[in-house]
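Report on one structure; see the data block that follows.
By convention here, the first residue in the shown sequence is residue 1.
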Amino acid sequence: VDITADLSQTDHIVLNMGAPTLSQLTGLGTYLPSDLYVVSHGTLSLTTTSNFFYYGNAAVNAGSGKFENAGTIIVSGASGGYYLPSAITNASEAINSGTIMLDGAIASSNIGKFTNAGSIVQSTGGAASQGLNAYQIDNSGTISVDGVAATSGYYFGQGTISNSGLIESRQDVGILASGGTINNVQGGTITGKTIAIQGSGTVINAGTINGDVQLGTTYFYGGQGKYVADGGILNGNLTLGSGNDIVLALIGATGISGN
């Protein structure tokens, strides 16, 4: 389904692909996975005015379907909100080939796979926002926010991140990951204020990482960390925990400027 429309809401989902049927609302029917694939070419805008909305307040509720933003999504959260409103939530797969602008918001939540070839940015002068939260992330575009830029694995198990674009947090950690693999390919850049990557699992770096890489430390102390230097540069320190950690230099050099 292709949609070319400019829609806006305050304190309410703008596009709800998971709206229940009458039989479901009356308890006579069951919730079934959505087979909808919706592409939005317009502008979807959500503004929240309360700090007390729980998870689920979003510009787009994909209802376990597939959604693509080929236009613009703008999300502005209430000042000091603990539960950030999402641009896209509850999708088996989400794609951004357009622009997502955030002001005290998060780009995605509860997503199976998120492919970003567009722009996910915090609006100029906007409140701290977070980037993508998904099991699998494939980024060839730009993610630039003040909060955590990408989170994978926390609610889904061992997720994966592939980056050939820019993943950047100006004031926080670039990537938080719980197990799985982060593959920063040639041309990809991952940046954090102090820590670029924190968590456990495997980091393969053929691009550029600005900030420290901490594997198997803090919350993940004891988890195994693997760092594979594949011709990339780490402008920071590499810290490993107490697990069976591995550092592998494929071309004979680690490319690490720090310790």
Interatomic distance, [X] atom [atom1] to [Y] atom [atom2] [nearest 0.5 angstrom]:
{"X": "Asp212", "Y": "Ile256", "atom1": "CG", "atom2": "CD1", "answer": "10.5 Å"}
{"X": "Leu215", "Y": "Thr202", "atom1": "CG", "atom2": "OG1", "answer": "8.5 Å"}
{"X": "Thr208", "Y": "Ile233", "atom1": "OG1", "atom2": "CD1", "answer": "6.5 Å"}
{"X": "Thr43", "Y": "Met101", "atom1": "OG1", "atom2": "CE", "answer": "10.5 Å"}
{"X": "Lys226", "Y": "Ile204", "atom1": "NZ", "atom2": "CD1", "answer": "9.5 Å"}

Verify whether one side chain among [X] and [Y] offers a donor that lies under 3.5 Å from an acceptor in the other.
{"X": "Ser152", "Y": "Gln136", "result": "no"}
{"X": "Ser86", "Y": "Ser109", "result": "yes"}
{"X": "Tyr227", "Y": "Asn205", "result": "yes"}

Side-chain heavy-atom pair [X], [Y] within 4.5 angstrom cut-off:
{"X": "Tyr83", "Y": "Ile106", "result": "no"}
{"X": "Val228", "Y": "Leu250", "result": "yes"}
{"X": "Val148", "Y": "Ser169", "result": "no"}
{"X": "Val38", "Y": "Leu15", "result": "yes"}
{"X": "Ile88", "Y": "Phe114", "result": "yes"}
{"X": "Ile209", "Y": "Ile197", "result": "yes"}
{"X": "Ile74", "Y": "Leu46", "result": "no"}
{"X": "Val1", "Y": "Tyr37", "result": "no"}

Leu102/Val121 under side chain to side chain contact (heavy atoms under 4.5 Å, CB included): CA gap, chis, key distance, verdict: CA-CA 6 Å; Leu102 306 167; Val121 295; over 6 Å; no
Worked verdict on Glu68 versus Ser97 for side-chain hydrogen bond (donor to acceptor under 3.5 Å, both in side chains): CA-CA 7 Å; Glu68 178 176 354; Ser97 56; 2.9 Å; yes
Test log, rule side-chain hydrogen bond (donor to acceptor under 3.5 Å, both in side chains), inputs Thr151 and Asn133: CA-CA 5 Å; Thr151 302; Asn133 189 324; 4.7 Å; no
side-chain contact (heavy atoms from CB on, under 4.5 Å), paired with Ile190, selected from Ile182, Val203, Asn210: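 Only one of Ile182, Val203, Asn210 forms a side-chain contact (heavy atoms from CB on, under 4.5 Å) with Ile190, namely Ile182.
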Contact list for residues 89-108, test salt bridge (Lys or Arg N to Asp or Glu O under 4.0 Å), sequence neighbours left out: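 Salt bridge (Lys or Arg N to Asp or Glu O under 4.0 Å) check on residues 89-108 returns Lys66-Glu93.
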Salt bridge (Lys or Arg N to Asp or Glu O under 4.0 Å) contacts in which one or both residues fall within residues 120-143, not counting sequence neighbours: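 As it turns out, there is no salt bridge (Lys or Arg N to Asp or Glu O under 4.0 Å) pair with a partner in residues 120-143 once direct neighbours are skipped.
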From Asn139, Asn116, Thr115, residue fulfilling side-chain hydrogen bond (donor to acceptor under 3.5 Å, both in side chains) relative to Asn96: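 For Asn96, the side-chain hydrogen bond (donor to acceptor under 3.5 Å, both in side chains) test succeeds with only one of Asn139, Asn116, Thr115, which is Asn116.
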Option among Thr48, Thr47, Thr49 that satisfies the side-chain hydrogen bond (donor to acceptor under 3.5 Å, both in side chains) test with Asp11: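 Among Thr48, Thr47, Thr49, the one that satisfies the side-chain hydrogen bond (donor to acceptor under 3.5 Å, both in side chains) with Asp11 is Thr49.
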Candidate pair Leu166 and Ile143, rule side chain to side chain contact (heavy atoms under 4.5 Å, CB included), full reasoning: CA-CA 6 Å; Leu166 172 65; Ile143 304 170; over 6 Å; no
Step-by-step side chain to side chain contact (heavy atoms under 4.5 Å, CB included) determination, Gln9 to Ser45: CA-CA 6 Å; Gln9 286 279 8; Ser45 302; over 6 Å; no
Side chain to side chain donor-acceptor pair (under 3.5 Å) partners of Ser144, counting only residues at least two apart: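 If we apply the side chain to side chain donor-acceptor pair (under 3.5 Å) test to Ser144, skipping adjacent residues, the hits are Glu168, Arg170.
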Shortest non-hydrogen contact between Ala105 and Ser129, atoms and distance: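 Of all heavy-atom pairs spanning Ala105 and Ser129, the closest is O-CB, 3.0 Å.
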Pair Ile111-Leu132, side chain to side chain contact (heavy atoms under 4.5 Å, CB included): steps then yes or no: CA-CA 9 Å; Ile111 304 291; Leu132 297 179; over 6 Å; no
Single-linkage hydrophobic cluster, 4.5 Å side-chain cutoff, Val75 and Val14 together: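 Yes, one cluster joins them.
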